[in-house]
Amino acid sequence: MQRTPNLLEAAYEVNRFLLQERDLANLLQGVCDRLTGDGGSLGALLVLLDRDSGGVITAETGLEEVLAPLLDGLREGRLPRCGRRAMEGEKGVVVRCEQCDCGLCSPEGGRGDCIGITMAVRCTPSLTGFLALQFAANFELCTAEAALLGQLAETLGAALRQLFAEEEARQRQRELELIEERYELALHASQAGLWDWNIRTGEIYTSPDQWELLDYRADESGPTLPKRFIHPEDREQVLSVLNEHLAGKTDEYRIEYRVQEKTGEWTWFLDRGRVVERDNNNMPVRMTGTHQNITLQKRQDQAIALVQQQLHEAVNYERNFLQTVIDSAGDPVMVIDLNFHVLLINQAAARLVRNDGAAESLQGQVCYRLFCAADAPCRDLRFPCPVTEVREQGRQVKMIHNPFHGNGVPNTFELEVSPLYDRQGALYGIIEVARDITDRLRIEKELRENQSRLYRLAHHDSLTGLPNRLLFRDRLNQAVSKAGRNRSGVAVLFLDLDHFKEINDTLGHDVGDLLLIEVASRLQRQCRQSDTVARLGGDEFVFVLESITEHRDAGVVAAKIMAALAEPVEVGSHRLQISTSIGIALYPSDAATIDEVIKCADLALYAAKEVGRSNFQFYHRNLAENGKRPPLDAVQFKRAFAQEEMLVEYVPRYALDSGKLIGLQALLRWQHPVMGLLPADDFIPAAAETEMLAALGDWLFNRIANDVRHWQRRGKRCLPVHVRCDCRMLSDEPFFAMLLDSRQRYNLHPDLLAVELGERTFVESNGQLLASLVQLEQLGMGVGVSDFGAEPTLPSHLHQTPVRTVVLSRQLCRGDGDQIPSLRLIGALIAFCHALGITVVADGVDHEEQRGLLARLGCDQVQGSLLLTAVSGEEVEDLLEPA
């Protein structure tokens with residue numbers, strides 16, 4: 001029984017240790033150490049579980065190998081069976097550990113070399129655990145030893161409870177000291193003094209560091225009231241407030257008053273206090289409070305009040321300034337918050353208010369009551385509320401209000417409403433600028449009407465009201481697109497009136513215009529609703545027939561047109577009989593593009609005129625080979641410019657009397673890669689149809705101007721160059737601008753360029769052409785007539801044009817030997833031109849006999865193969881004399 005004294009001695013050592021040690025970790029470890037070794041146990045393990053935090057506190061001696069797996073199980077919430085049994089058992093129960101998972105005993109139920117004894121350790125309801133001891137395998141626990149170990153576990157639990165209680169008391173003491181420290185710091189930071197007044201004895205306790213501030217002084221008779229002098233104006237109020245609190249009428253004693261310092265200066269103090277103790281008669285016994293010098297705070301408050309006053313005045317100034325600015329705006333301006341209150345409004349907006357009013361008196365009022373006399377914001381979908389729109393969309397919006405805010409003003413306003421944000425970026429209201437757009441809308445309406453009128457003028461013929469060339473191409477394009485979708489065809493009919501020029505010349509342009517109006521009316525009556533009839537100019541008209549697939553269908557329409565125009569026309573007092581020639585082409589059977597089908601119809605019209613007029617002809621493949629107009633398009637013209645297929649040749653002109661070179665006639669040619677050398681008459685109509693006439697004229701005059709400048713730079717005396725032109729060039733608007741640009745770019749004198757037009761152009765001339773000729777004369781350029789005498793009708797009005805030169809037709813001057821069949825006619829023409837001061841040039845002089853006859857008739861100049869045929873620009877340089 002030697003074991004019991006050993007355990008008893010170990011228990012005694014543990015108990016004595018528990019009384020001395022106050023550190024938890026040292027205490028737990030010391031217990032384990034004292035229960036091993038001489039105490040009889042091989043190892044000791046102490047485990048405490050905190051249910052509130054889930055923490056585990058352990059201590060061990062001699063069980064390092066057991067501790068690691070045991071702790072892993074405890075962290076996962078698994079208690080060993082022996083520990084769980086001990087903790088679930090009654091107070092003082094000692095559990096023998098056999099076949100347990102704690103690792104303290106052998107795995108074979110005691111047949112190994114060790115065994116475990118476990119006891120519950122109960123500290124607090126949330127902190128429990130167990131104490132496990134490891135003994136040799138032959139250890140047998142007697143009743144006395146079990147009781148001793150149970151008491152030891154209970155003592156350990158009691159010691160831990162005492163330790164935790166002491167620690168909790170120390171923690172409360174530290175917290176109390178911290179609170180008192182913070183309280184003193186707060187008093188110090190606030191520069192307030194603490195006082196405690198025993199009302200019965202009159203004793204007053206004050207903070208030691210605030211004695212001077214409080215100035216409670218004691219004399220020989222004991223404590224007295226402060227000797228500082230309270231301001232007379234504040235004394236009565238101080239006593240009144242104090243008495244009311246002492247009487248229990250107020251919850252707190254609080255008063256601010258002024259005290260005179262020793263220096264005579266007045267300082268401000270704040271007294272705060274409360275009765276903390278009363279006797280059985282509810283009479284105050286004790287009162288506690290603070291006494292604080294608030295002079296600096298008062299001065300700061302006064303400074304802040306002054307600053308606020310200044311800021312208020314500045315805000316009022318800025319507000320008045322802003323009001324002045326927005327009042328200067330002619331448009332109504334308002335600032336409205338999200339509650340629909342008007343914050344700012346200018347005079348222009350105030351004048352729109354019902355019953356009018358000054359802007360100052362309207363601020364702060366609700367906008368929908370102000371403008372609409374309504375009890376709620378506007379919900380009219382036609383005139384949405386600006387505030388609601390900005391609030392929902394969160395961005396600037398524009399809207400139209402008619403009338404503005406429903407105030408009865410008949411004008412229409414455009415509102416530009418912007419969001420107004422505060423300093424934190426939150427939507428605060430809106431800024432609304434209204435603009436009266438009534439006049440603008442009226443002007444826009446007038447502009448639309450004018451645009452419609454201008455569109456009609458730009459797309460319709462002013463005389464007949466029919467579509468013009470521009471609208472014709474648009475209608476044809478639409479018809480071709482529709483035909484492509486419907487797999488149908490389109491017929492294009494080109495027609496002009498036969499001998500219309502004779503009617504103009506004999507009866508006058510007024511009769512001709514009336515005739516064209518009647519013709520247009522008859523042509524319109526032959527149109528279906530889907531068809532188009534247009535006037536291209538002069539007596540040229542064109543039909544676009546949709547849904548035409550066969551030639552005979554177009555032929556039926558052409559026959560109806562000819563029959564309609566064959567009926568006599570009554571124009572004023574004249575009864576006229578007219579006829580027409582028609583050329584017909586079909587899309588897509590004759591051509592695959594718009595330009596090609598127009599060209600085909602034009603070739604067919606030319607064929608109809610060649611046949612003898614008053615008929616219609618269909619386009620066919622051989623027409624382009626036999627006709628005078630080759631099939632040319634814009635692509636070929638552009639290629640000709642780029643690859644220098646276009647060229648200019650010069651025909652020298654000589655004076656008959658001196659034989660000197662006095663001028664040059666410029667002839668435009670096209671060295672076509674397929675059709676060979678083409679004269680200008682063969683491709684100028686195609687240039688007009690493909691809208692390349694302006695580009696062709698620009699190339700021609702720039703090329704001639706460049707040649708003239710080259711000759712000048714080579715030191716040659718340049719002679720006038722007469723350029724054979726087509727009248728369509730002159731009718732093109734950019735022509736004169738191009739002409740001036742060429743002269744300025746190459747620095748050419750106006751006398752060095754002259755323009756020649758065919759006689760037919762002058763025979764069929766109109767007012768526009770005559771105006772163009774006058775403009776050329778004003779530019780200082782000469783004007784000439786080529787192929788003069790080729791037409792059967794002489795231009796009797798030649799004296800009305802600024803013509804300086806006429807070139808007699810080559811056919812007119814043709815002769816054999818000394819015989820010229822038209823000799824008498826040539827003599828008459830020369831005399832006629834000389835009478836008008838016009839220079840006469842004979843073209844096609846191939847024999848010396850022709851030259852002699854023309855000299856005797858008084859001809860001025862000649863050109864032809866007898867002298868020199870057409871030459872290039874480089875060859876002209878050799879002909880010119882030095883400057």
Side-chain angles (χ1 to χ4, degrees), residues 179-279 282-320:
I179 292 173
E180 291 178 352
E181 180 183 359
R182 289 174 179 172
Y183 182 68
E184 291 179 0
L185 290 175
L187 286 175
H188 180 74
S190 64
Q191 296 183 350
L194 178 66
W195 53 267
D196 191 352
W197 179 25
N198 189 325
I199 301 175
R200 286 179 176 175
T201 64
E203 295 179 353
I204 297 178
Y205 166 79
T206 61
S207 301
D209 59 340
Q210 298 292 335
W211 178 273
E212 184 178 355
L213 173 66
L214 295 172
D215 200 18
Y216 289 121
R217 300 177 183 176
D219 55 15
E220 295 179 355
S221 59
T224 63
L225 291 176
K227 294 185 178 181
R228 285 177 178 165
F229 181 71
I230 298 178
H231 197 287
E233 296 178 1
D234 301 337
R235 186 178 300 125
E236 183 176 351
Q237 185 179 8
V238 170
L239 294 176
S240 174
V241 172
L242 177 60
N243 291 331
E244 286 183 358
H245 180 68
L246 292 175
K249 297 180 180 179
T250 59
D251 295 332
E252 181 186 24
Y253 164 66
R254 179 188 177 95
I255 186 67
E256 294 179 5
Y257 58 92
R258 288 164 289 180
V259 173
Q260 189 175 31
E261 299 290 343
K262 298 176 182 179
T263 59
E265 180 184 4
W266 292 100
T267 56
W268 281 91
F269 280 85
L270 168 64
D271 276 7
R272 298 182 63 182
R274 181 173 296 170
V275 173
V276 296
E277 186 179 352
R278 293 179 181 271
D279 60 14
N282 200 32
M283 296 299 293
V285 174
R286 181 166 167 251
M287 183 174 178
T288 272
T290 58
H291 183 73
Q292 183 179 1
N293 189 330
I294 60 171
T295 305
L296 180 60
Q297 180 181 344
K298 279 291 185 178
R299 291 174 181 172
Q300 291 175 347
D301 291 343
Q302 292 173 357
I304 292 173
L306 179 61
V307 171
Q308 289 178 342
Q309 177 64 26
Q310 293 174 347
L311 288 176
H312 181 71
E313 293 175 355
V315 169
N316 285 338
Y317 174 80
E318 293 294 335
R319 188 183 188 92
N320 294 334

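Between E256 atom CD and R272 atom CZ the span is 10.0 Å, to the nearest 0.5 Å. In this structure, R299 CZ and L306 CG are separated by 15.0 Å, a value rounded to the nearest 0.5 Å. Between the NZ atom of K298 and the CZ atom of R258 there is a distance of 9.0 Å, given to the nearest 0.5 Å. For the atom pair CG (N198) and CD1 (I204), the distance works out to 10.0 Å, reported to the nearest 0.5 Å. Taking CG of L246 as the start and CE of M287 as the end, the distance is 5.5 Å to the nearest 0.5 Å. Here Q308 contributes atom CD and D301 contributes atom CG; the two are 9.0 Å apart, rounded to the nearest 0.5 Å.
The environment of D251 atom CG is sparse: at most 12 non-hydrogen atoms of other residues, nucleotides or ligands sit within 6.0 angstrom. Within 6.0 Å of atom CD in Q237, 12 or fewer heavy atoms from other residues, nucleotides or ligands are found, so the atom counts as exposed in its surroundings.
The backbone N or O of V275 sits less than 3.5 Å from a side-chain atom of H245, completing a donor-acceptor pair. A donor-acceptor contact shorter than 3.5 Å links the side chain of W195 to the backbone of T290. Looking only at distances, no side-chain donor or acceptor of T288 sits under 3.5 Å from a matching main-chain atom of D196.
Taking each heavy atom of I230 and W266 in turn, the nearest pair found is C-CZ3, 4.2 Å.
Under the side chain to side chain donor-acceptor pair (under 3.5 Å) criterion, R235 pairs with no residue at all, not counting sequence neighbours. With sequence neighbours left out, the salt bridge (charged side-chain N to carboxylate O under 4.0 Å, His left out) criterion links R274 to no other residue.
Between F269 and H291, a ring centre-to-centre spacing shorter than 6.0 Å is recorded.
The shortest side-chain heavy-atom distance between V238 and D271 does not fall under the 4.5 Å cut-off.
Evaluated for a side-chain contact (heavy atoms from CB on, under 4.5 Å) with I255, the options L242, L270, V241, L239 yield exactly one hit, V241.
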